[in-house]
Amino acid sequence: MLTCTLFAGDALLESIADDQDRISRTRHRRDPAVRKVQIALLDRDPNCLPQFGADGDYGDETAGAVARFKIEVLGVPPAEVIDDVGPLTVRKLDELQAAAERPPAPSVTPEEWLLTDAELGPFRSPAFTRDNVVDFFVDAEGYYNLLADRLDALLAGDRVLFAGWRFSPEQLLRPTIAGSPGILDRLRKLRADGIVVRALLYGSHFSTLPVRRPRVPTLPSKDNFDFRTGLVDAGAEAILDARVGDFGSHHQKCAVVQGAAEGPGAFLGGIDVCLDRWDNGAHVDPPVRQREPDFLGTKISLPGWHDVQCAVFGPAVGQIWQSLVQRWNDPTRPSRIDATPAPIPQSEAPGPPTRSGTQAVQVLRTLTCKGVYSFLPGGEFTVTAAYRKAIQRARHYLYIEDQYLWPSPLVDDLRDAAGRGVQLILVTARDFDAPGLKDAHEALRTEALQRIASTAPANVHCFHLEQAASSAQIYVHAKLMIADDQYVAAGSANLNFRSHTTDSELHLGVFDTDLADSTMGGAPHRVGVSVRDLRAQIWGEHLNEDPALHQDPLAGLARMPTAGGKTGHLVSFPVPAQVPAVDWRETVRELLRTIQHMENWQLLAPVVLGPLSLPLTLVPDMDLGVLADAIPNPESFLRNLLNPHTVC
């Protein structure tokens with residue numbers, strides 16, 4: 001069926017489009033359809049019929065214009081051109097005319113998506129910076145390679161500042177290259193070569209108490225202590241930062257690399273430099289992946305790891321650097337292991353950008369309000385504010401990748417978006433990465449999904465990832481939201497209470513001012529080029545398809561599996577009808593028994609259970625699991641431990 005107003009309803013043209021007829025000089029020379037074809041040709045090329053214009057006569061002039069159209073647009077070899085108007089010509093002219101008839105897509109500005117100065121508040125000025133380059137890395141291989149390149153280019157006097165939730169000293173940035181050094185050895189060599197190396201590490205109780213063996217799954221205990229000690233012994237500066245609220249952590253994953261030769265750059269997202277994280281889009285678990293060791297006889301490593309990291313070049317690097325330096329320079333002692341370090345002077349701020357691009361970038365943080373930092377005792381919650389604005393602004397779709405998708409301040413905003421017709425595409429981790437907590441993870445996620453889908457379930461589409469050739473989970477660790485092909489939020493913050501109220505997080509909001517005409521469900525729509533390309537790349541990876549098939553997101557959604565089906569890596573699952581049952585007390589019991597396998601566990605148990613104010617009498621041979629029976633509300637305790645909701 002023809003769609004443009006000019007052609008629609010014309011019986012001859014409809015018949016030609018169905019390959020049932022053709023316009024020829026002998027049979028249809030002055031048929032009304034001829035004039036319509038001439039008009040469509042003129043709209044494409046005003047000079048193609050210069051003598052008579054659209055006169056309704058299929059003569060030599062029209063035949064020549066049709067022939068040129070077939071050669072130049074349809075790609076027909078000149079020797080094969082036939083003097084008629086056939087189905088390929090009519091269909092293509094209809095497509096071009098329909099596009100010309102559509103009203104132009106409305107313009108869009110960064111202020112429509114990013115927080116303005118008034119909305120952001122006093123945390124940073126300006127509220128966002130323009131003219132940045134943001135390169136998005138899907139999965140760790142590309143990010144690690146670029147980070148290695150930037151570190152290798154540093155010279156004496158250059159500087160690098162890391163912040164992370166976890167660093168595994170032996171993790172390779174280039175595991176495919178024999179003899180490549182681990183991240184600790186790489187940084188120790190930089191320090192020996194005269195580069196200033198600093199690292200701001202999460203100092204949990206598991207790393208600031210002498211409780212570091214064996215390696216504990218999902219916790220950065222032994223790794224961070226060993227990484228910090230290795231750097232300090234090499235003359236670098238590294239601190240374990242334990243300035244957190246109850247059950248909180250420092251979750252920021254960032255590096256600022258300041259090289260005189262290549263200029264300043266920053267790397268920010270969901271990817272720590274630690275075991276299990278290195279992977280690529282194939283997700284086939286190659287032998288070079290450095291995996292988590294088994295824990296107490298249980299295999300905890302995951303055979304695939306999907307994540308997103310941003311490389312930033314431009315004025316936003318200065319704001320990212322400042323957000324880390326504020327933590328470093330806070331005079332409060334960071335932990336029982338480390339004294340307050342020497343401040344980083346403002347004179348070390350990143351110099352002028354050496355690259356300029358089209359992205360407007362907003363630096364966003366979560367810092368708890370519990371006064372853990374003297375520079376910001378009331379905390380900062382701009383991640384939540386930015387997500388809320390973008391979710392409320394979305395009109396067509398929201399694509400979210402999240403490790404958890406647990407209850408959070410944004411659940412009702414997502415429900416309301418679905419209710420007004422926005423398509424929600426939600427990709428989460430199938431199973432939790434901590435042994436023994438799978439049921440608790442599913443319960444929290446189900447509660448969030450049920451509320452999100454409570455108004456318009458048909459607009460909520462849920463997925464997880466598996467290897468294409470098996471049911472082995474590809475762990476979704478990304479913290480990503482893309483809205484209407486115009487806005488990206490990416491960083492360290494998950495969609496849960498923990499990341500939005502309690503942990504320290506570092507996130508970016510990105511709007512690409514390089515706008516292009518595209519379509520949204522077939523209608524004209526202006527898109528940010530890098531935003532659209534990122535989404536198409538990710539959807540192509542998940543579905544094992546050419547990203548070119550996903551230029552229109554609503555058309556791409558129709559290519560995704562439904563009703564429990566699987567395409568490529570992407571597996572559909574329905575919103576569960578019931579919240580799965582959890583034996584909360586037994587789960588706490590097993591968690592406590594896990595702690596008991598650590599050295600000096602008698603020091604750690606009172607710290608973990610401290611908020612409960614339990615009278616603890618710990619003796620060497622006791623079964624720590626019996627303390628679960630003394631917890632009055634094990635469900636509340638475990639929810640607060642996993643998804644703490646800090647109220648200011």
If we only count heavy atoms from C-beta on, is the Thr354 to Phe313 side-chain gap below 4.5 Å?
-> no
Applying side-chain contact (heavy atoms from CB on, under 4.5 Å), name anything that partners Asp431, two or more places apart in sequence or on another chain.
-> Lys438, Glu442, Gln473
Check whether any side-chain N or O of Glu505 sits under 3.5 Å from a backbone N or O of Val383 as a donor-acceptor pair, and report yes or no.
-> no
Pairwise side-chain contact, Ile538 with Glu401, heavy-atom cut-off 4.5 Å (strictly under) | yes
Let me see the working for Gln486 and Glu112 under side-chain contact (heavy atoms from CB on, under 4.5 Å), right down to the final yes or no.
-> CA-CA 10 Å; Gln486 294 177 344; Glu112 294 179 56; over 6 Å; no
Taking the side chain as C-beta and beyond, is there a heavy-atom pair between Glu541 and Pro547 under 4.5 Å?
-> no
Name the one of Asp84, Asp57, Asp60, Asp31 that satisfies salt bridge (charged side-chain N to carboxylate O under 4.0 Å, His left out) with Arg25?
-> Asp60
Flag, side chain of Thr562 to backbone of Ser572, donor-acceptor distance under 3.5 Å = no
Thr513 and Arg130: side-chain donor and acceptor closer than 3.5 Å?
-> no
Thr62 versus Gln38, side-chain donor and acceptor atoms under 3.5 Å | yes
Donor-acceptor pair, Gln309 side chain versus Ile271 backbone, under 3.5 Å?
-> yes
At their closest point, which heavy atom of Arg559 faces which heavy atom of Leu549, and how far apart are they?
-> NH2-CD1, 3.5 Å
Residues Asp512 and Arg532 bridged, charged N to O under 4.0 Å | no
Less than 4.0 Å between a side-chain N and a carboxylate O, is that true for Arg68 and Asp45?
-> no
Whether Gln20 side chain and Asp18 backbone form a donor-acceptor pair below 3.5 Å | yes
Residues Arg393, Glu111: salt bridge by 4.0 Å N-O rule | no
Does the Gln403 side chain pair with the main chain of Ala429, one donor and one acceptor, at a distance under 3.5 Å?
-> no
Side-chain contact, heavy-atom cut-off 4.5 Å: Glu141 with Trp278?
-> yes
Distance-minimising heavy-atom pair for Leu364 and Ala386 | CD1-CB, 3.5 Å
Apply side-chain contact (heavy atoms from CB on, under 4.5 Å) to the pair Leu570 and Trp539, showing each step before the final yes or no.
-> CA-CA 9 Å; Leu570 197 65; Trp539 288 14; over 6 Å; no
Please tell me if the side chains of Val37 and Leu13 come closer than 4.5 Å, counting only heavy atoms from C-beta onward.
-> yes
Pair Asp307 + Arg277, salt bridge at N-O below 4.0 Å | no
If you take all heavy atoms of Thr382 and Leu115, which pair is closest and at what distance?
-> O-CD1, 4.0 Å
Please confirm whether the backbone N or O of Ala8 pairs with a side-chain atom of Glu14, one donor and one acceptor, at under 3.5 Å?
-> no
Any idea which heavy atoms bring Phe267 and Leu146 closest together, and the distance?
-> CE2-CD2, 3.7 Å
Minimum-distance pair of heavy atoms, taken over all atoms of Asn47 and Pro50 | O-CD, 3.3 Å
Would you kindly say whether Tyr387 and His507 are connected by a side-chain donor-acceptor distance under 3.5 Å?
-> yes
Do side-chain atoms of Asp514 reach the backbone of Thr358 as a donor and acceptor pair under 3.5 angstrom?
-> no
Which heavy atom in Leu515 sits nearest to a heavy atom in Gly528, and how many Å separate them?
-> CD2-N, 3.8 Å
Would you check if there is a donor-acceptor pair between the side chains of Tyr397 and Asp485 at a distance under 3.5 Å?
-> yes
Identified side-chain contact (heavy atoms from CB on, under 4.5 Å) counterpart of His461 within the set Leu426, Leu557, Leu424, Val427 = Leu557
Lys70 and Thr89: CA distance, side-chain angles, deciding distance, side-chain contact (heavy atoms from CB on, under 4.5 Å) verdict | CA-CA 7 Å; Lys70 291 179 178 181; Thr89 302; 3.5 Å; yes
With distance as the sole criterion, is a donor-acceptor pair present between the side chains of Ser530 and Gln359 under 3.5 Å?
-> yes
Do Asp433 and His477 come within less than 4.5 Å of each other through their side chains, counting heavy atoms only?
-> no
Check whether the side chains of Ser180 and Arg174 place a donor and an acceptor atom closer than 3.5 Å, and report yes or no.
-> no
Give a yes or no on whether the ring-centroid distance for Trp406 and Phe432 is below 6.0 angstrom.
-> yes
Output yes when a side-chain donor or acceptor of Gln51 lies under 3.5 Å from a complementary backbone atom of Glu61, and no otherwise.
-> no
Is any NZ, NE, NH1 or NH2 atom of the basic residue among Lys479 and Asp402 found under 4.0 Å from an Asp or Glu carboxylate oxygen of the other?
-> no
Please tabulate, one pair per line, all N/O donor-acceptor pairs under 3.5 Å involving side-chain atoms of residues 464-472, not counting sequence neighbours.
unit_1, atom_1, unit_2, atom_2, d
Glu466, OE1, Lys566, NZ, 3.2
Glu466, OE2, Arg430, NH1, 3.0
Gln467, OE1, Ser470, OG, 3.2
Gln467, NE2, His283, O, 3.3
Gln467, NE2, Pro303, O, 3.4
Ser470, OG, Ala472, N, 3.1

Would Arg91 and Asp94 pass as an ion pair if we require N to O under 4.0 Å?
-> no
Applied to residues 513-538, the ring-ring contact (aromatic ring centres under 6.0 Å, His included) test, sequence neighbours excluded, yields His396-His525
Taking Asp552 for its side chain and Gly522 for its backbone only, find out whether a donor-acceptor pair lies under 3.5 Å.
-> yes
